[in-house]
Enquirer: 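If you scroll down you'll find the structure; I have some questions about it.
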Amino acid sequence: MPKFCANLKWLFTELPFLDRFDAAARAGFQAVEYASPYEFSAAEIRGRLRACGLRQVLFNTPAGGGSGMACVPARRDEFRDGVRKALDYAADLDCGLVHLMAGIVPSDLSRDTAAAAYAANVAWAADQAEPAGVRLVLEPINQRDVPGFFLRTQEEGAAVVEAIGRERIGLQFDIYHCQVAQGDVTRRLEALMPAIAHMQVADVPGRNEPGTGEIAWDYVFRRIDELGYAGWVGCEYRPATETSAGLGWLKRFSA
Ligand SMILES: O=C(O)C(=O)[C@@H](O)CO
Ligand SMILES: [Mg+2]
């Protein structure tokens, strides 16, 4: 069974954000991820991580009021400031992965222009991240949840990873997005595993706990193990009722 970390943007939302670290630790998680630490000082978050004995696995570059901006040429300076800020937080929180948010292609921009900006921004960011000991990850997001998001498929993300170098950046394979956008999840896991640096899970269609929808998680988790994936899997789902009451799937699928 893979090792799971709690996504504190989606889980334990019954509590204020800084109280979610203790709740995650009490629920048995050893690591956490979330979208944005920036509303708090790194010292505040570091204090919670240390008090709860939790590891910080991942967070995102600043979203810029949306889903990032790496594909938008006019926002390059804002993008670069965000990467620098993310790397500062990553150093303070001893976080090895940062999700570089691609952004939505503006309606007046051609996809080729967005792709050129994205490639240049990812390359620049990888040059900043490498000496900081941070591996950037790129996540394709389905077009139903985020229409116009730049990275649409797992293969598009993997192609950028291969172009920049998988030892420098990786693919954030969110099984929920893969199922919604493309399906054929385990074949894509098999084909793209060398590029995958992080995974996330939620069931389809409700984006609730594994076991509440159409995905055969016992088979998927078995294939992830058989493929030798040693990274973390983020629990990025909306609890169907209350977070702790919904954690039974961890036992159900690990039996
Ligand atoms: O939406 C998702 O899926 C994520 O992983 C977010 O962190 C990106 O917005
Ligand atoms: Mg995700």
Side-chain angles (χ1 to χ4, degrees), residues 2 4-13 17 20 24 31-39 45 56-72 75 79 82-83 85-86 89-90 93 95-105 118 121-122 125 134-154 156-158 160-161 169-182 185 188-189 192 195-210 213 215 217 220 224 229 231-239:
F4 295 96
C5 61
N7 185 301
L8 301 185
K9 173 183 175 183
W10 292 73
L11 302 187
F12 305 103
T13 55
F17 182 78
R20 299 176 193 172
V32 295
E33 64 174 38
Y34 38 77
S36 173
Y38 309 110
E39 294 76 16
I45 295 180
Q56 179 70 51
V57 169
L58 171 137
F59 57 80
N60 298 348
T61 52
S67 299
M69 63 208 81
C71 73
V72 184
R75 300 180 73 179
F79 165 78
V83 168
K85 186 174 190 178
Y89 268 78
L93 302 179
C95 183
L97 294 177
V98 170
H99 169 207
L100 191 159
M101 303 276 287
I104 292 171
V105 180
Y118 182 74
N121 279 333
V122 172
V134 170
R135 193 174 181 200
L136 300 173
V137 288
L138 311 178
E139 181 188 51
I141 291 180
N142 81 77
Q143 297 291 302
R144 181 168 73 205
D145 283 0
V146 187
F149 190 78
F150 174 72
L151 273 191
R152 301 164 297 187
T153 68
Q154 301 302 322
E156 284 180 356
V160 180
V161 170
I169 65 172
L171 181 65
Q172 179 168 308
F173 193 111
D174 186 323
I175 292 174
Y176 167 79
H177 290 308
C178 180
Q179 177 67 5
V180 171
Q182 301 178 266
V185 168
R188 295 185 201 282
L189 285 169
L192 302 177
I196 296 174
H198 190 64
M199 293 188 198
Q200 292 172 319
V201 293
D203 218 328
V204 175
R207 204 166 186 175
N208 301 121
E209 291 87 345
I215 297 176
W217 293 102
V220 170
I224 290 172
Y229 177 68
W232 289 90
V233 177
C235 297
E236 192 183 39
Y237 61 79
R238 183 183 308 105

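Both counts, for ligands and for their atoms, begin at 1 and track the order of listing. All of these numbers come straight from a predicted model, not from anything done at the bench.
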Enquirer: Whether Arg238 and Asp203 form a salt bridge (side-chain N of Lys/Arg under 4.0 Å from carboxylate O of Asp/Glu) is what I want to check.
Expert: no
Enquirer: Would Val32 and Val57 count as a side-chain contact (heavy atoms from CB on, under 4.5 Å) if you check the C-alpha gap in whole Å, the side-chain angles of each, and the deciding distance to 0.1 Å?
Expert: CA-CA 6 Å; Val32 295; Val57 169; over 6 Å; no
Enquirer: So which protein N/O/S atoms does the Mg ion (ligand 2) have within less than 2.8 Å?
Expert: Glu139 OE2, Asp174 OD2, Gln200 OE1, Glu236 OE1
Enquirer: State, to 0.1 Å, how close Ala181 and Asn142 come at their nearest heavy-atom pair, and which atoms those are.
Expert: CB-CB, 3.9 Å
Enquirer: Measure across Ala70 and Asn121 and return the closest heavy-atom pair with its distance rounded to 0.1 Å.
Expert: O-ND2, 2.8 Å
Enquirer: Do Glu236 and Tyr34 pair up side chain to side chain, a donor and an acceptor below 3.5 Å, judged on atom types alone?
Expert: no
Enquirer: With side chain to side chain donor-acceptor pair (under 3.5 Å) as the criterion, how do Tyr237 and Asn7 come out once you've worked through the C-alpha distance, each side chain's angles and the decisive distance to 0.1 Å?
Expert: CA-CA 8 Å; Tyr237 61 79; Asn7 185 301; over 6 Å; no
Enquirer: Under 3.5 Å, is there a donor on one side chain and an acceptor on the other for Gln56 and Glu33?
Expert: no
Enquirer: To the nearest 0.5 angstrom, please state how far the CE atom of Met69 sits from the CG atom of Leu100.
Expert: 9.5 Å
Enquirer: I'd like to check which ligand 1 atoms, numbered from 1 as shown, lie under 4.0 Å from a non-hydrogen atom of Gln172.
Expert: 5 (O)
Enquirer: Could you tell me which atoms of ligand 1, counted from 1 in the order shown, lie closer than 4.0 angstrom to a heavy atom of His177?
Expert: 1 (O), 2 (C), 3 (O)
Enquirer: Which atoms from ligand 1 have a heavy atom of Asp174 less than 4.0 Å away?
Expert: 3 (O)
Enquirer: So which heavy atom in the protein is nearest atom 9 (O) of ligand 1, and how far is it from that ligand atom?
Expert: Met101 CE, 3.5 Å
Enquirer: When you measure from atom 6 (C) of ligand 1 to every protein heavy atom, which one gives the shortest distance, and what is it?
Expert: Glu236 OE2, 3.4 Å
Enquirer: When rounded to the nearest 0.5 angstrom, what is the spacing between CZ in Phe173 and SG in Cys178?
Expert: 3.5 Å
Enquirer: Applying a 4.0 Å heavy-atom criterion (strictly less than), which segment of Asn60 is in contact with ligand 1: side chain, backbone, both, or neither?
Expert: side chain
Enquirer: Side chain, backbone, both or neither: which applies to Arg207 and ligand 1 if a contact is any heavy-atom pair less than 4.0 Å apart?
Expert: side chain
Enquirer: Heavy-atom distances under 4.0 Å are what count here, so tell me which part of Lys9 touches ligand 1: side chain, backbone, both or neither.
Expert: neither
Enquirer: Side chains of Gln200 and Gln172: any donor to acceptor distance under 3.5 Å?
Expert: yes
